[in-house]
Amino acid sequence: MYQLVTRIGSDDVIICAFDASGSPTASPRRLSFTEFCRYVLEHEADSPRWVWDDTARIYPLLLRRGIRVQRCHDLRLCHVIMRNSALTDQSDLAHGEPGPWDAAGPSDLGATQGETLFDLADSDTAGERSREIEDRDELLAQLSAVSGSHQPGRLRLLLAAESAGALIAAEMTYAGLPWRTDIHDDLLTRELGARVAPGLRPERLERLAVLIRTELGDPTLNPDSPTDVLRALQRAGLAVTSTRAWRLKELDHPVIEPLLLYKKLSRLLSANGWAWMDAWIVDGRFHPEYVPGGVVTGRWAARGGGALQLPKQIRGAVVADPGWKLVVADAAQLEPRILAALSGDLQMAAAGRDSDLYAGIVASGVVETREHAKVAMLGAMYGATTGESGRLLPRLAKAYPRAIALTEAAARAGERGGIVTTRLGRSSPPPGDAWQAAQAQAYDVGASRADESRARTQARDWGRFTRNFVVQGSAAEWALCWMAEIRKELRTLSAAGAGFDSVPHLVFFLHDEVMVHTPTALAARVESIITEAAATAGRLLFGDFPVDFMLTVAAVDDYAAAK
DNA sequence: GAGTCCGCTCGG
DNA sequence: TATACCGAGCGGACTC
């Protein structure tokens with residue numbers, strides 16, 4: 001059953017119930033937000049799917065009142081998927097003129113940016129009514145696109161997983177990641193020296209700057225300026241064209257060591273220093289904003305705080321509350337396992353059975369070392385053509401013909417300008433006009449060698465994108481299902497209505513890794529929930545195909561201890 | 001001074 | 001010779 005929720009103005013909603021086929025089961029009702037909250041609590045027992053335009057806009061309002069829901073359908077996220085999916089390419093939804101659902105990015109519909117799209121008309125009842133009809137029409141269009149799709153089952157799963165992800169993202173932002181500023185501060189002081197005013201260099205950084213200037217014989221050198229540093233290195237007789245750390249490591253000069261250390265520490269200061277701590281840690285919690293569907297492949301993005309790039313250096317500041325644990329789980333070699341299942345490659349799946357997949361490849365005699373197995377696999381999924389990875393590819397192709405055939409086919413499709421589709425139905429975008437124009441140009445009678453080579457380069461670039469899209473996107477779907485299943489099972493551990501400060505809950509997600517903050521007494525139970533959820537996610541995506549999704553799971557006091 | 005691009009490093 | 005996918009964020013360099 002669906003409960004369509006349309007927000008009107010700042011404090012009211014119109015609510016309307018539908019059955020699974022999209023027929024209304026009651027007349028629309030207008031409720032104040034307080035009445036709406038009561039309505040949600042009353043109806044949650046029936047496990048409806050709450051339908052709204054944008055989870056990120058409405059769900060935080062419920063969370064602030066202590067209300068959580070089990071299921072939703074996020075019209076905006078689902079629209080984007082079906083607008084592009086090859087599974088719904090025959091639908092009206094895919095063929096309609098672009099409308100507000102296409103124009104609106106997450107921030108456009110978001111509360112912070114104002115509500116320009118719809119709310120201009122909300123001052124009168126006609127506008128309110130039209131807003132509600134707009135949502136209702138969109139829901140019906142989406143339901144029709146699903147039932148008419150080539151794979152309704154998979155698509156339904158994808159839309160449910162994407163929507164569950166939106167709920168989880170809002171809940172994680174709301175709950176926050178436990179963060180100890182005292183430990184963070186100690187760590188910064190130890191590495192950089194005592195805190196100083198913004199714009200100044202802490203003591204240890206300043207000493208390194210002086211040392212670098214001395215070694216390069218340039219008393220005015222600014223070590224933060226790549227151009228300055230590059231010129232000084234060249235003056236010192238070093239043949240370099242960039243100041244990238246891995247390039248500098250190849251050089252033999254006394255300035256290199258302090259320079260590399262300076263870069264490392266200054267990055268720590270600028271990205272996750274005291275200013276970051278002041279801006280992002282509130283009452284011992286880090287509250288980043290996650291952006292479900294923020295990446296073309298279906299991965300999440302994040303806005304503000306660099307939540308998806310927390311450097312290993314500072315993970316020791318993520319500490320469980322007293323009497324609580326962090327259960328950290330990481331899916332091992334997720335993408336190769338996804339590739340094995342996608343392609344139905346039994347040999348590759350067997351290599352990962354009950355163990356490290358790369359070690360399994362070595363044990364099968366395909367390559368000699370784990371490191372070789374890893375670079376060869378990554379190269380196959382990313383489209384490496386040269387170097388070690390390129391050299392090892394033929395051996396991989398011989399041992400795992402089905403898996404490699406799948407990545408090659410995805411690459412060829414992209415090179416031709418075609419689209420590719422993930423396991424559950426997210427399709428890659430078609431290449432843009434500039435790409436098409438470059439290809440057309442190369443076929444023109446007057447095409448130059450440069451035209452042809454540019455077209456070829458762009459075609460290969462796009463092929464690498466589609467090659468990776470299938471695997472990365474399907475892995476993102478697995479991760480969403482995994483997390484949704486974890487969330488569902490965690491809720492069975494506590495009474496309905498209990499707040500985040502008393503029950504186990506998800507606090508972090510990073511592509512193939514999740515973290516649950518839990519009372520210590522429930523940590524073991526949480527570990528098994530996470531493990532079972534991985535197997536369930538595998539079955540949801542790939543049925544009985546015999547592929548294992550191995551995890552490393554650990555209940556720890558702080559994030560740094562997890563690996 | 002504001003806006004944008006680039007170089008670099010962090011994460012998977 | 002060019003060189004392997006998806007991102008965020010910072011500070012400097014450059015432009016208007």
Side-chain angles (χ1 to χ4, degrees), chain A residues 198-199 201 221-231 240-249 259-273 275-276 279-280 288-291 293-315 330-336 338-339 374-393 407 410-411 414 420 422 426 428-429 453-454 456-457 460-476 478-479 508-514 559 563:
Chain A
R201 283 196 188 93
L221 178 88
N222 172 11
D224 292 316
S225 159
T227 32
D228 251 28
V229 172
L230 187 59
R231 263 198 300 270
V240 274
T241 54
S242 102
T243 62
R244 287 187 176 91
W246 63 274
R247 277 289 182 202
L248 297 181
K249 278 178 195 147
L259 184 54
L260 287 172
L261 184 56
Y262 181 92
K263 286 164 78 79
K264 193 160 189 62
L265 296 181
S266 94
R267 160 84 189 184
L268 173 63
L269 175 65
S270 66
N272 298 98
W276 179 89
W280 290 101
E289 186 185 352
Y290 299 94
V291 187
V295 179
V296 266
T297 55
R299 277 186 171 185
W300 286 13
R303 240 195 321 261
L308 305 187
Q309 310 136 254
L310 279 186
K312 299 209 161 97
Q313 274 171 305
I314 61 162
R315 293 184 178 181
D330 177 301
Q333 306 97 39
L334 176 59
E335 294 193 352
I338 291 287
L339 173 59
K374 187 173 171 177
V375 297
M377 273 306 312
L378 291 175
M381 294 185 297
Y382 291 165
T385 53
T386 59
E388 189 122 69
S389 183
R391 275 200 303 283
L392 294 167
L393 185 62
T407 63
V420 294
T422 58
R426 194 185 309 260
S428 63
S453 112
R454 186 171 50 245
R456 200 157 41 233
T457 301
R460 286 193 188 135
D461 288 349
W462 200 258
R464 283 194 302 278
F465 166 63
T466 51
R467 170 198 295 272
N468 189 248
F469 184 97
V470 184
V471 178
Q472 189 183 114
S474 299
W478 179 89
F508 194 60
F509 170 55
L510 185 53
H511 307 318
D512 58 0
E513 186 178 332
V514 298
Y559 192 11
K563 264 194 264 201

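Quick caveat, the model's predicted, so the values are computed rather than measured. Both backbone and side-chain heavy atoms feed into the values below; hydrogens, waters and symmetry mates do not. Residue numbers start from 1 in every chain, and the chains themselves are labelled A, B, ... in the order their sequence lines are given, proteins ahead of strands.
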| said: Would you measure the distance from the C1' atom in C:dA4 across to the matching atom in B:dG12 and give it in whole Å? | reply: 14 Å
| request: Describe the nucleic acid contact of A:Gly387 in one word from base, sugar-phosphate, nothing, applying a heavy-atom distance below 4.0 Å. | output: nothing
| remark: When rounded to whole Å, the CG to P distance for the pair A:Leu248 and B:dG7 reads 15 Å
| request: Please determine if a side-chain N or O atom of A:Arg244 lies less than 4.0 Å away from the OP1 or OP2 oxygen of B:dC8. | output: yes
| request: Could you tell me whether A:Val296 contacts a base, only the sugar-phosphate backbone, or nothing, with contacts defined as non-hydrogen atoms closer than 4.0 Å? | output: sugar-phosphate
| query | In whole angstroms, how far is the P atom of C:dC5 from the CD1 atom of A:Ile338? | reply | 21 Å
| query | In terms of side-chain heavy atoms of A:Ala301, which of C:dA8, C:dC10, C:dT3 is nearest? | reply | C:dA8
| said: Starting the side chain at C-beta, find the nucleotide from C:dA4, B:dG12, C:dC10 nearest to A:Arg299. | reply: B:dG12
| Hey, does A:Ala307 reach any base, or is it just sugar-phosphate, or nothing, if we go heavy atoms under 4.0 Å? | nothing
| query | Does a nitrogen or oxygen in the side chain of A:Arg464 sit under 4.0 Å from OP1 or OP2 of C:dC5? | reply | yes
| Could you give the CG-to-P distance, from A:Leu310 to B:dG12, as a whole number of Å? | 10 Å
| query | Quick one: which of C:dG11, B:dC10, C:dA4 gets closest to the side chain of A:Gln309? | reply | B:dC10
| request: Verify the neighbour count for atom CZ of A:Arg460: are there more than 12 heavy atoms of other residues, nucleotides or ligands below 6.0 Å? | output: no
| task | Among the candidates C:dT3, B:dG11, B:dC10, find the nucleotide nearest to the side-chain atoms of A:Arg267. | result | B:dC10
| said: Counting C-beta onward and ignoring hydrogens, is there a side-chain heavy-atom pair between A:Tyr262 and A:Asp224 closer than 4.5 Å? | reply: yes
| query | When the distance from CD1 of A:Ile314 to C1' of B:dT9 is rounded to whole Å, what number comes out? | reply | 14 Å
| task | May I ask you to verify if any side-chain N or O of A:Thr243 is less than 4.0 angstrom from the OP1 or OP2 atom of B:dC8? | result | yes
| said: Students often get this wrong, so: under 4.0 angstrom with heavy atoms, is A:Gly304 touching a base, only sugar-phosphate, or nothing? | reply: sugar-phosphate
| request: Look at the side chain of A:Glu513 and decide which nucleotide, out of C:dG7, B:dG12, C:dA4, has an atom nearest to it. | output: B:dG12
| query | Which distance, rounded to the nearest 0.5 Å, do you find between the CD of A:Glu335 and the OH of A:Tyr382? | reply | 5.5 Å
| request: Identify, residue by residue, the members of residues 222-231 of chain A with a heavy atom below 4.0 Å from DNA chain B, and return them in order of residue number, or none. | output: none
| request: Could you tell me the separation between the CZ atom of A:Arg315 and the C1' atom of B:dG12, rounded to a whole number of Å? | output: 10 Å
| message | Distance check needed: C:dT3 C1' versus A:Leu392 CG, whole Å only. | response | 16 Å
| field | A:Asp512 CG - C:dC5 C1' separation (whole Å) | value | 14 Å
| Distance (rounded to the nearest 0.5 Å) between A:Leu230 CG and A:Arg244 CZ | 11.0 Å
| message | Can you see if the side chain of A:Lys263 gets near the phosphate of B:dC10 - specifically, an N or O under 4.0 Å from OP1 or OP2? | response | no
| task | Pick the P atom in C:dT3 and in B:dG7, then give their distance to the nearest Å. | result | 15 Å
| query | Relative to the 5' end of DNA chain C, which residue comes earlier, A:Val375 or A:Trp280, by the nucleotide with the nearest heavy atom? | reply | A:Val375
| task | Check the pair A:Thr243 / A:Leu259 against side chain to side chain contact (heavy atoms under 4.5 Å, CB included), numbers first and verdict last. | result | CA-CA 10 Å; A:Thr243 62; A:Leu259 184 54; over 6 Å; no
| With a 4.0 Å cut-off on heavy atoms, is A:Ala384 in touch with a base, just the backbone sugar-phosphate, or nothing at all? | base
| message | Between P on C:dT3 and CG on A:Asp461, what's the gap in Å once rounded to a whole number? | response | 7 Å
| Can you tell me how far NZ of A:Lys374 sits from CG of A:Leu392, rounded to the nearest 0.5 angstrom? | 14.5 Å
| Ignoring hydrogens and geometry, is there a side-chain-to-backbone donor-acceptor pair from A:Ser474 to A:Val471 under 3.5 Å? | no
| At under 4.0 Å between heavy atoms, what does A:Ser389 touch on the DNA or RNA strands: base, sugar-phosphate, or nothing? | base
| request: Counting heavy atoms from C-beta on, name the nucleotide in C:dA4, C:dC6, B:dC10 closest to the side chain of A:Phe465. | output: C:dC6
